[in-house]
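Just so it is clear, the structure is predicted and the values come from calculations on it, not from any experiment. Chain letters run A, B, ... following the sequence lines, proteins first, then strands; residues in each count from 1. Note that these values count all heavy atoms, side chains included, but never hydrogens, waters or copies made by symmetry.
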There are 2 protein chains.
Amino acid sequence: MARKAASAKDVAELAGVSRAAVSRCFTPGASLSPKTRERILQAADQLGYQVNRLASGLIRNETGIVALIAAEISTPYRSHLLSALTERLQQAGKVALMINTDRSDDSVEQALRHAISYRTDAAIFLSGMPARSLAETCLRNGMRLVLINRDEERPGSLRLRLDDAEAGRRAVALLLAAGCKRLGLASSAADTPSLTERERGFREAATAAGAEFIEERRGPTSYETGQELGMALLTQPNRPDGIFCTTDLMACGIIDVARWRFGIAIPDDLSLIGFDDIAQAGWEGYALTTFSQPIEEIAAKSVDWLISGEQKNEAEEVLLEPKLIMRRTVRQIYVSDTEDRRQQ
Amino acid sequence: MARKAASAKDVAELAGVSRAAVSRCFTPGASLSPKTRERILQAADQLGYQVNRLASGLIRNETGIVALIAAEISTPYRSHLLSALTERLQQAGKVALMINTDRSDDSVEQALRHAISYRTDAAIFLSGMPARSLAETCLRNGMRLVLINRDEERPGSLRLRLDDAEAGRRAVALLLAAGCKRLGLASSAADTPSLTERERGFREAATAAGAEFIEERRGPTSYETGQELGMALLTQPNRPDGIFCTTDLMACGIIDVARWRFGIAIPDDLSLIGFDDIAQAGWEGYALTTFSQPIEEIAAKSVDWLISGEQKNEAEEVLLEPKLIMRRTVRQIYVSDTEDRRQQ
DNA sequence: CTGAAAGCGCTTACAG
DNA sequence: CTGAAAGCGCTTACAG
């Protein structure tokens, strides 16, 4: 039993041409007479020939592989972004190598070494950061780096960020406009750049507005943490009536606790704003007012940058705007009762 | 600017040994004196050398890459499975190539061709099926195939299935035991092997028990379809009081519609059973009684089979049991009120 | 234990 | 337009 796929040599022999010719047949733009091309294509088809990307990658110094480096890849937001990225990559003729990390420097380094050993054309970081020295090694090898929502930059890389702080500020304004008297900030203890920025924006605006607020930060970024956050915030003697939660996943936990354990009416007795616009935020049971991450835009910009353009030595940076998605967890007091009905 | 990573040649020169020696240094079990190894390791470290898996894959006919072929990869169940698979693969020293399909034969074929061109050691199918002829080509090249929840088999491949029909049957029994008088079967129109089996088991058992039931099948497998299903089922003149929904995602949609649009109390006025045990099924707002897919077991069995063992010519098959997860969407009537309280 | 040499499957100047 | 030849970075018998 042959354990080898057909090679260019096999095709060449069958078609009665040189190995070079069959190579040209599969490299766009190479000169080849229509007749020869036809003969080669037919032979290739007959043999089930597929060019070996390992070999061609070795020669051309371009593998068509790009590494996706991320932690917690089954989380709603993360998996959505990964999906968008994978799809765009495929449309651009690239292929995605998924590498799971646990966010530790060690595992991120490990991931990047994997990427290097497969000579990926690029690496996209959704979690963690490559050490400066390793990043330089990558660049020297012609590998491109894109950093999504990371707080540092690396020379030669593309950095895509959201204006997280602005979202925190807008959340405060919104909550105050809804008549909330006592604000709450809920976040995980993950200390991820995006979360920290959202928190900072919130504190800044709340302080500037002279608003009273309390905050709770704990645990990993999860639904369960949301439940704990809800318990902590809602058992306070003077509990908040307007909460900004740095992540939808946690906000869902807060909503459930408020509703099912305390019977708190949302948005009448408690207004809540999340971040990410995960699918569940749009579910009827949550209808969460939140800020959406422009996932398709992030994915598009990332792969556009990867496939086009020359390598530069400065870092490029693009700042995207989260968009406010109004749903039904923030009380609307500006609209009178009758107008409210007319609007529906 | 050097655009090339350090190669074995560079390391060999720096360490004053042959290229063969540095190759041996990085292949487990190759004979090499401790002294030489030490010198090589040091040189490699200094140069930031990583063996080029493209070149080694070419020679050894083993790339360490395994393709994950799936549709709708950001769905809760799918992304969870993908995450487990990726993790196990990494632990086994392999790396995951993620390929997105849209389930059409065409895109599945495309995906497999991609896998072939990168000479992946294996392909794991979570969606779609490789055409018989293509599958044979793969096997001939020594590529291993694992099919998860697929209805056909392919010689030489591993097929992992769940006893979906049995779950459908158990759902009927459970609903009947809960005192439901009129059953409902809710499913998407996706015609996926797993769904069809779950439906079949339900119909079989319902018919055998002489139970009255209605069914609704429509749309893709999504939360939104669940909402439609809920509308269709709950607006019936004689609506069901016990529903088996072939997927948790859709079940969540049904719950929300029942609760928020019709004010139906769950489980008092409507019992509901799902399938998959996605994270949301465990959320406080749903607390969905459901069947769990043994995801970790599926992942473990898949990669164990891949890394160990000889290629055989018959297809192997393993049948896994979905496990009933009792939560709070099925009415409990066997337990008297006082006993009920004692149990808590 | 170690090295020289052949070979994996491709691409790409270089000539013609 | 086409082929012969060199070379990408590795591994692996084969000798010593």
Side-chain angles (χ1 to χ4, degrees), chain A residues 2-41 43-44 47-65 116-121 141-143, chain B residues 2-41 43-44 47-65 116-121 141-143:
Chain A
R3 306 255 320 192
K4 290 257 155 212
S7 74
K9 190 170 159 239
D10 302 325
V11 178
E13 277 168 9
L14 183 58
V17 297
S18 70
R19 259 144 53 282
V22 356
S23 175
R24 285 192 190 98
C25 183
F26 295 100
T27 62
S31 83
L32 198 61
S33 77
K35 250 182 234 167
T36 324
R37 152 159 289 122
E38 184 56 35
R39 270 223 307 284
I40 294 175
L41 250 19
L47 263 41
Y49 173 70
Q50 291 284 124
V51 351
N52 184 332
R53 298 285 249 129
L54 261 33
S56 81
L58 196 54
I59 282 286
R60 300 187 34 217
N61 214 11
E62 182 179 344
T63 54
I65 308 178
I116 293 176
S117 75
Y118 284 103
R119 300 300 189 267
T120 64
D121 295 341
N141 298 344
M143 185 161 145
Chain B
R3 305 260 315 197
K4 289 258 155 211
S7 74
K9 191 170 159 238
D10 303 325
V11 178
E13 277 168 9
L14 183 58
V17 297
S18 70
R19 253 129 79 269
V22 355
S23 176
R24 286 194 189 97
C25 184
F26 294 101
T27 63
S31 83
L32 199 62
S33 77
K35 249 182 233 167
T36 324
R37 154 159 288 122
E38 185 54 37
R39 270 224 306 284
I40 294 174
L41 250 20
L47 262 39
Y49 174 69
Q50 290 286 123
V51 351
N52 185 331
R53 299 286 248 126
L54 261 33
S56 81
L58 196 53
I59 283 286
R60 301 189 32 218
N61 215 11
E62 181 178 346
T63 54
I65 308 177
I116 293 176
S117 74
Y118 284 102
R119 302 299 190 264
T120 64
D121 296 340
N141 298 344
M143 185 162 144

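Nucleic acid contact class of A:S33 (heavy atoms, under 4.0 Å, all strands): sugar-phosphate only. Nucleic acid contact for A:S31: base, since at least one base atom lies under 4.0 Å from a heavy atom of the residue. Within 4.0 Å of B:Y49, counting heavy atoms only, lie sugar-phosphate atoms of the nucleic acid but no base atom.
Spacing between atom CZ of B:R60 and atom P of D:dG9 amounts to 19 Å, rounded to whole angstrom units. Atom CZ in B:R19 sits about 12 Å away from atom P in C:dA6, given to the nearest Å. In this structure, CZ of A:R119 is placed 11 Å from C1' of D:dC8, rounded to the nearest angstrom. Computed from coordinates, the A:L58 CG to C:dC10 P distance equals 12 Å when rounded to whole Å. Atom C1' of nucleotide C:dG3 and atom CD1 of B:I40 are separated by 12 Å, given to the nearest angstrom. Nucleotide C:dG7 holds its C1' atom 11 Å from the NZ atom of A:K9, rounded to whole Å. With rounding to whole Å, B:E13 atom CD is found 14 Å from D:dG9 atom C1'. If you measure from atom CD of B:E62 to atom C1' of D:dT12, you get 15 Å, rounded to the nearest angstrom.
Note that CD1 of B:I65 is 7.5 Å distant from CG of B:L54, once rounded to the nearest 0.5 Å. To the nearest 0.5 Å, atoms CG (A:L32) and CD1 (A:I40) are separated by 5.0 Å.
In this model, the phosphate group of D:dT2 is approached by a side-chain N or O of A:T36 to a distance below 4.0 Å at OP1 or OP2. Checking the phosphate oxygens (OP1, OP2) of D:dC10, no side-chain nitrogen or oxygen of B:S56 falls inside 4.0 Å. Under 4.0 angstrom from either OP1 or OP2 of D:dT12 there lies no side-chain N or O belonging to B:T27.
Judged purely by atom type and a 3.5 angstrom limit, B:R60 has no side-chain atom pairing as donor or acceptor with the backbone of B:G57. Without hydrogens or angle criteria, A:N141 side chain to A:M143 main chain gives no donor-acceptor distance under 3.5 Å.
The 5' end of DNA chain D is approached more closely, in terms of each residue's nearest nucleotide, by B:L54 than by the other of B:L54 and B:R24.
With a cut-off of 3.5 Å on both Watson-Crick or G-U wobble distances, the partner of D:dA13 is given as none. Summarising the base pairing, D:dA4 is matched to no nucleotide, lacking a Watson-Crick or G-U wobble pair whose two defining distances lie under 3.5 Å.
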List the atom pairs, with distances to 0.1 Å, where a side-chain N or O of residues 10-26 of chain B and a protein N or O form a donor-acceptor pair under 3.5 Å, not counting sequence neighbours.
unit_1	atom_1	unit_2	atom_2	d
B:D10	OD2	B:S7	N	2.8
B:S18	OG	B:A20	N	3.4
B:S18	OG	B:A21	N	3.2

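Among D:dC10, D:dC1, C:dT11, the nucleotide with an atom closest to any side-chain atom of B:N52 is D:dC10. Here the nucleotide nearest the side chain of B:S7, chosen from D:dT11, D:dC10, C:dT11, is D:dC10. Closest approach to the A:A20 side chain among C:dT2, D:dG3, D:dT2 is made by D:dG3 (side chain taken as heavy atoms from C-beta onward). Ranking D:dG9, C:dC10, D:dT2 by closeness to the B:I59 side chain, first place goes to D:dG9.
Contact of the B:S56 side chain with the B:R53 side chain is registered, since non-hydrogen atoms from C-beta on lie closer than 4.5 Å.
One cannot find a donor-acceptor pair under 3.5 Å joining the base of C:dG9 and the side-chain atoms of A:R53.
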